[in-house]
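In what follows, a structure is listed as structure tokens, so that the remarks can point back to it.
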Amino acid sequence: QVQLVESGGGLVQAGGSLRLSCAASVRTFSNYAMGWFRQAPGKEREFVASISWSGGLTYYTDSVQGRFTISRDNAKSTVYLQMNNLKPEDTAVYSCAADRTGLGGSRYSGYDYWGQGTQVTVSS
């Protein structure tokens, strides 16, 4: 069983930055690909970014490309999402997820474990 705990959310003005963290309680963290998803009120869950087990492959949804950066520290069993130039449309609950295959990707069904999420609110 893998437990994921997100932190770093909050309220920020448009144009500001936040860094989300997701700490995993598993010894074999380096075997897992990790992803970030978000869900805004009244909308479906949306893929944001993913990173492979080694960190060598990253994927982003088009709307965050160039503004968000996903990274990982396997020694700390933690994945990060650096979010710059935030926009009001980025407002959502952000959740991290772990994929046992190590590949990641944008498919919600490809992930095996989920965190509870952290709220990000961007004011205009």
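Only this structure's heavy atoms are used, side chains among them; waters, hydrogens and symmetry mates stay out. In this chain, residues are counted from 1 in sequence order.
- Partners of Ser71 under the side chain to side chain contact (heavy atoms under 4.5 Å, CB included) rule, at least two apart in sequence or in another chain, are Tyr80.
- Within the hydrophobic cluster formed by Ile, Leu, Val, Met, Phe, Trp and Tyr side chains joined at under 4.5 Å, directly or through other members, Val93 stands alone, with no partner residue.
- When the shell of 6.0 Å around CZ of Arg45 is examined, it contains more than 12 heavy atoms from other residues, nucleotides or ligands.
- From Asn31, atom CG reaches atom OG of Ser54 across 11.5 Å, with rounding to the nearest 0.5 Å.
- Evaluation of the side chain to side chain contact (heavy atoms under 4.5 Å, CB included) rule for Thr58 yields Ile51, Tyr60, Ile70 as partners, not counting sequence neighbours.
- Remark: Thr61 pairs with no residue by the side-chain hydrogen bond (donor to acceptor under 3.5 Å, both in side chains) rule, at least two apart or across chains.
- Within the structure, the salt bridge (charged side-chain N to carboxylate O under 4.0 Å, His left out) test picks out the following pairs touching residues 109-121 (sequence neighbours left out): Arg100-Asp112.
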Point to revise | Intermediate values then yes/no, side-chain contact (heavy atoms from CB on, under 4.5 Å), Val48 and Leu81 | key: CA-CA 9 Å; Val48 177; Leu81 186 68; 4.1 Å; yes
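- Looking at Thr69, its side chain never comes within 3.5 Å of a backbone N or O of Gln82 through a donor-acceptor pair.
- Note: the hydrophobic cluster containing Tyr111 does not contain Phe29 (ILVMFWY, side chain heavy atoms under 4.5 Å, direct or indirect links).
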Using a 3.5 Å cut-off and no angle test, enumerate the donor-acceptor pairs between side-chain atoms of residues 32-41 and protein atoms at least two apart in sequence or in another chain.
{"from": "Arg38", "atom 1": "NE", "to": "Glu46", "atom 2": "OE1", "distance (Å)": "2.8"}
{"from": "Arg38", "atom 1": "NH1", "to": "Asp90", "atom 2": "OD1", "distance (Å)": "2.9"}
{"from": "Arg38", "atom 1": "NH1", "to": "Tyr94", "atom 2": "OH", "distance (Å)": "2.9"}
{"from": "Arg38", "atom 1": "NH2", "to": "Glu46", "atom 2": "OE1", "distance (Å)": "3.3"}
{"from": "Arg38", "atom 1": "NH2", "to": "Ser63", "atom 2": "OG", "distance (Å)": "3.4"}
{"from": "Gln39", "atom 1": "NE2", "to": "Lys43", "atom 2": "O", "distance (Å)": "3.1"}

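- Clustering ILVMFWY residues whenever any of their side-chain heavy atoms sit less than 4.5 angstrom apart, transitively, puts Val79 in a cluster other than the one holding Trp53.
- Nearest heavy-atom pair, Asn85 versus Arg67, reported as atom, atom and distance to 0.1 Å: O-NH1, 2.9 Å.
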Only pairs under 3.5 Å count here: list side-chain donor-acceptor contacts from residues 10-28, not counting sequence neighbours, and write none if there are none.
{"from": "Ser17", "atom 1": "OG", "to": "Asn84", "atom 2": "OD1", "distance (Å)": "3.0"}
{"from": "Ser25", "atom 1": "OG", "to": "Gln3", "atom 2": "N", "distance (Å)": "3.2"}
{"from": "Ser25", "atom 1": "OG", "to": "Gln3", "atom 2": "O", "distance (Å)": "3.3"}

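- Put simply, the side chain of Ser50 never gets that close to the backbone of Gly104: no donor and acceptor are under 3.5 Å apart.
- Residue pairs meeting the salt bridge (charged side-chain N to carboxylate O under 4.0 Å, His left out) criterion with at least one partner in residues 115-124, sequence neighbours excluded, are absent.
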Practice item. Please assess Glu89 against Val122 for the test side-chain contact (heavy atoms from CB on, under 4.5 Å), listing each intermediate value before the final yes or no. Key: CA-CA 8 Å; Glu89 52 264 42; Val122 184; over 6 Å; no
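- In this structure, Val5 shares a hydrophobic cluster with no other residue, the cluster being traced through Ile, Leu, Val, Met, Phe, Trp and Tyr side chains under 4.5 angstrom apart.
- Annotation: side-chain hydrogen bond (donor to acceptor under 3.5 Å, both in side chains) contacts of Ser124 (sequence neighbours excluded): none.
- Residues satisfying the side-chain hydrogen bond (donor to acceptor under 3.5 Å, both in side chains) test with Thr101, not counting sequence neighbours, are Asp99.
- When all heavy atoms of Gly105 and Phe47 are compared, the closest pair comes out as O-CE1, 3.2 Å.
- Every residue meeting the side-chain hydrogen bond (donor to acceptor under 3.5 Å, both in side chains) condition with Asn74, not counting sequence neighbours, appears here in chain and number order: Arg72.
- Of all heavy-atom pairs between Tyr59 and Leu103, the closest is CE1-O, 4.4 Å.
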